[in-house]
Number of protein chains: 2
Amino acid sequence: MKPLKIGVLLFPHVTALDLVGPVQVFAAATGAEVYLVWKDLAPVPVDSGYCIVPTATLETCPQVDLLCVPGGPGQVPLREDAELCQWLRRQGDAASWVTSVCTGSLLLGAAGLLKGYRAASHWNYREHLTAFGAIPDTGRVVQDRNRITGGGCTAGIDFALQVVAHIFGEQEAKEIQLFIEYAPQPPFNSGRPEDADELTVDRVKNRLANLRKALA
Amino acid sequence: MKPLKIGVLLFPHVTALDLVGPVQVFAAATGAEVYLVWKDLAPVPVDSGYCIVPTATLETCPQVDLLCVPGGPGQVPLREDAELCQWLRRQGDAASWVTSVCTGSLLLGAAGLLKGYRAASHWNYREHLTAFGAIPDTGRVVQDRNRITGGGCTAGIDFALQVVAHIFGEQEAKEIQLFIEYAPQPPFNSGRPEDADELTVDRVKNRLANLRKALA
């Protein structure tokens with residue numbers, strides 16, 4: 001069987017967990033070939049204070065079967081990056097699957113890949129999807145035809161397991177779920193703005209605004 | 001307030017998510033200073049096909065307040081690494097908190113840091129803790145005095161949120177939980193051997209055995 005080529009965009013100030021969660025799951029899928037793609041092969045600084053090294057460039061990455069764009073504060077300036085958006089569009093048009101985690105859906109949107117599609121995003125930025133002709137969906141993992149998009153950050157794990165179940169079958173996904181001991185026990189009921197208290201929501205909105213300011 | 005220094009061991013063939021999940025949470029804690037520590041600063045290959053770059057060496061890393069050892073197939077040979085075990089013991093003896101995720105607890109054990117302590121580990125390796133005088137505990141996050149250990153891989157997120165709640169307070173942990181949208185929806189009930197079907201458990205045990213063979 002031909003390997004399934006998975007291309008994951010690795011850009012400066014990506015939210016590390018948006019990328020590493022899904023890649024942990026994808027890399028465990030039998031027959032998957034994962035590429036971490038950026039403009040060059042120099043180590044890329046992530047949002048949380050260290051660097052991850054790309055394994056392919058926009059030029060050397062082959063046409064992928066599944067394109068995955070993680071999110072993070074670094075996606076904001078990239079929405080205006082013509083070279084990158086063109087690469088995403090070209091890959092996305094020919095890929096079997098076009099996917100994202102967190103605010104990665106906004107970058108997919110900027111590349112014109114979500115027009116008329118329902119899509120997920122980080123809760124604080126979900127409504128921004130309308131600017132790109134996408135239809136915001138509150139689901140943690142949202143599939144609309146060949147677009148599969150995940151909610152914020154940790155949703156990438158649920159997203160990737162669902163992607164693997166869909167493409168490689170449920171048995172494969174169940175094995176990977178056990179492999180990574182994914183039986184979560186969140187300590188608080190504070191993972192969605194609908195659940196968190198008002199003070200927490202306000203303070204997180206401030207944190208997010210400050211993060212963006214720091215990068216602007 | 002003095003920053004809380006957190007040292008996370010980054011070793012060859014670490015399970016990437018064991019490290020990146022907790023670091024995503026720790027790095028978001030106000031006043032935390034995170035070091036990814038290895039013997040040198042060259043990019044370190046992780047278990048899932050790419051490299052992460054350390055930010056400190058065993059020599060340059062200051063005495064940390066919280067020591068965290070993630071797991072993965074690469075911890076097996078390190079249990080015999082006298083230089084590393086000595087560093088872990090020295091740091092661990094002086095740290096306020098000694099912690100691990102997944103099979104990182106086996107490396108803590110090898111360094112002599114879990115004698116007489118209850119500890120968690122990846123479900124498939126939990127019983128190996130007894131070889132180091134530790135008491136295996138089936139909890140997803142286990143605290144015994146100043147030792148806090150997490151179960152397999154994804155347990156690192158629950159672990160880190162509990163650590164932050166304990167050290168920085170519940171409000172801080174709740175904010176980070178919302179920030180990373182941690183309201184998990186696992187697609188299957190297959191995250192623990194107690195829940196998964198027999199075929200899945202057998203197949204994952206085989207996968208794990210093969211991983212170890214590949215590195216031996």
Write out, in numerical order, the residues from residues 47-56 of chain A with a heavy atom short of 4.5 Å from a heavy atom in chain B.
->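 Within residues 47-56 of chain A, the residues that come under 4.5 Å of chain B (heavy atoms only) are Asp47(A), Ser48(A), Gly49(A), Tyr50(A), Cys51(A), Ile52(A), Val53(A), Thr55(A).
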Looking only at heavy atoms, which of residues 167-174 of chain A get nearer than 4.5 Å to chain B?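 Hits under 4.5 Å: Glu170(A), Gln171(A), Glu172(A), Ala173(A), Lys174(A).
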Lys/Arg cation over aromatic Phe159(A): Arg140(A), 6.0 Å, 45° cone: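 Judged by the rule, Arg140(A) and Phe159(A) form no cation-pi pair.
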Quiz item: Say you draw a straight line from OG1 of Thr103(A) to CD of Gln75(A); how long is it, rounded to the nearest 0.5 Å?
Solution: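 Nearest 0.5 Å value for the OG1-CD distance: 4.0 Å.
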CG/Leu9(B) to CG/Leu58(B) distance, rounded to the nearest 0.5 angstrom?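 With rounding to 0.5 Å, CG (Leu9(B)) is 7.5 Å from CG (Leu58(B)).
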Residue pairs fulfilling ring pair (Phe, Tyr, Trp, His ring centres under 6.0 Å) with at least one residue in residues 7-46 of chain B, sequence neighbours excluded =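 Qualifying pairs, neighbours excluded: none.
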Chain B heavy atoms under 4.5 Å from [X]: which part of the residue, side chain, backbone, both or neither?
{"X": "Arg207(A)", "value": "side chain"}
{"X": "Ala27(A)", "value": "side chain"}
{"X": "Leu211(A)", "value": "side chain"}
{"X": "Asp197(A)", "value": "side chain"}
{"X": "Val25(A)", "value": "neither"}
{"X": "Val20(A)", "value": "both"}
{"X": "Leu36(A)", "value": "side chain"}
{"X": "Pro43(A)", "value": "side chain"}

Could you check if a side-chain atom of [X] sits within less than 4.5 angstrom of a side-chain atom of [Y], using non-hydrogen atoms only?
{"X": "Gln143(B)", "Y": "Gln162(B)", "value": "no"}
{"X": "Cys68(A)", "Y": "Trp97(A)", "value": "no"}
{"X": "Leu161(A)", "Y": "Pro186(B)", "value": "no"}
{"X": "Pro73(A)", "Y": "Thr15(A)", "value": "yes"}
{"X": "Ile157(B)", "Y": "Ile157(A)", "value": "yes"}

| field | Best-contacting candidate, Thr154(B), Leu178(B), Asp158(B), against chain A by heavy atom pairs under 4.5 angstrom | value |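 When all of Thr154(B), Leu178(B), Asp158(B) are compared, Leu178(B) has the most.
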So which of Cys102(B), Pro184(B), Cys153(B) has the largest heavy-atom pair count under 4.5 angstrom toward chain A?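 Top count of heavy-atom pairs under 4.5 Å with chain A: Pro184(B).
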Side-chain H-bond candidate by donor/acceptor type, Ser190(A) with Thr200(A), under 3.5 Å
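On atom types as modelled, these side chains do not qualify, holding no pair under 3.5 Å.
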Check whether Gln24(A) reaches the backbone of Leu17(B) with its side chain - one donor and one acceptor, N or O, closer than 3.5 Å.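 Yes, Gln24(A) side chain to Leu17(B) backbone: donor-acceptor pair under 3.5 Å.
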Donor-acceptor contact present, side-chain Gln177(A) to main-chain Phe188(B), <3.5 Å: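 Judged by distance alone, yes, a pair lies under 3.5 Å.
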### Message
Counting only heavy atoms from other residues, nucleotides and ligands, does the tally under 6.0 Å from CD of Glu198(B) exceed 12?
### Response
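Open.
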**Report entry** Proximity breakdown for Ala16(B) and chain A, heavy-atom pairs closer than 4.5 Å
**Finding:**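 Both parts, backbone and side chain.
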Given that the side chain runs from C-beta out, which part of Val46(B) has a heavy atom under 4.5 Å from chain A: side chain, backbone, both or neither?
->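 For Val46(B), there is no contact with chain A at all, as no heavy atom is under 4.5 Å.
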Check your understanding: Between His128(A) and Tyr125(A), what is the ring plane arrangement, given parallel below 30°, perpendicular above 60°, and tilted in between?
Key ->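 The arrangement is perpendicular - the two ring planes meet at more than 60°.
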Would you please name every residue forming a side chain to side chain contact (heavy atoms under 4.5 Å, CB included) with Thr57(B), sequence neighbours left out?
->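 Leu41(B), Glu59(B), Thr60(B).
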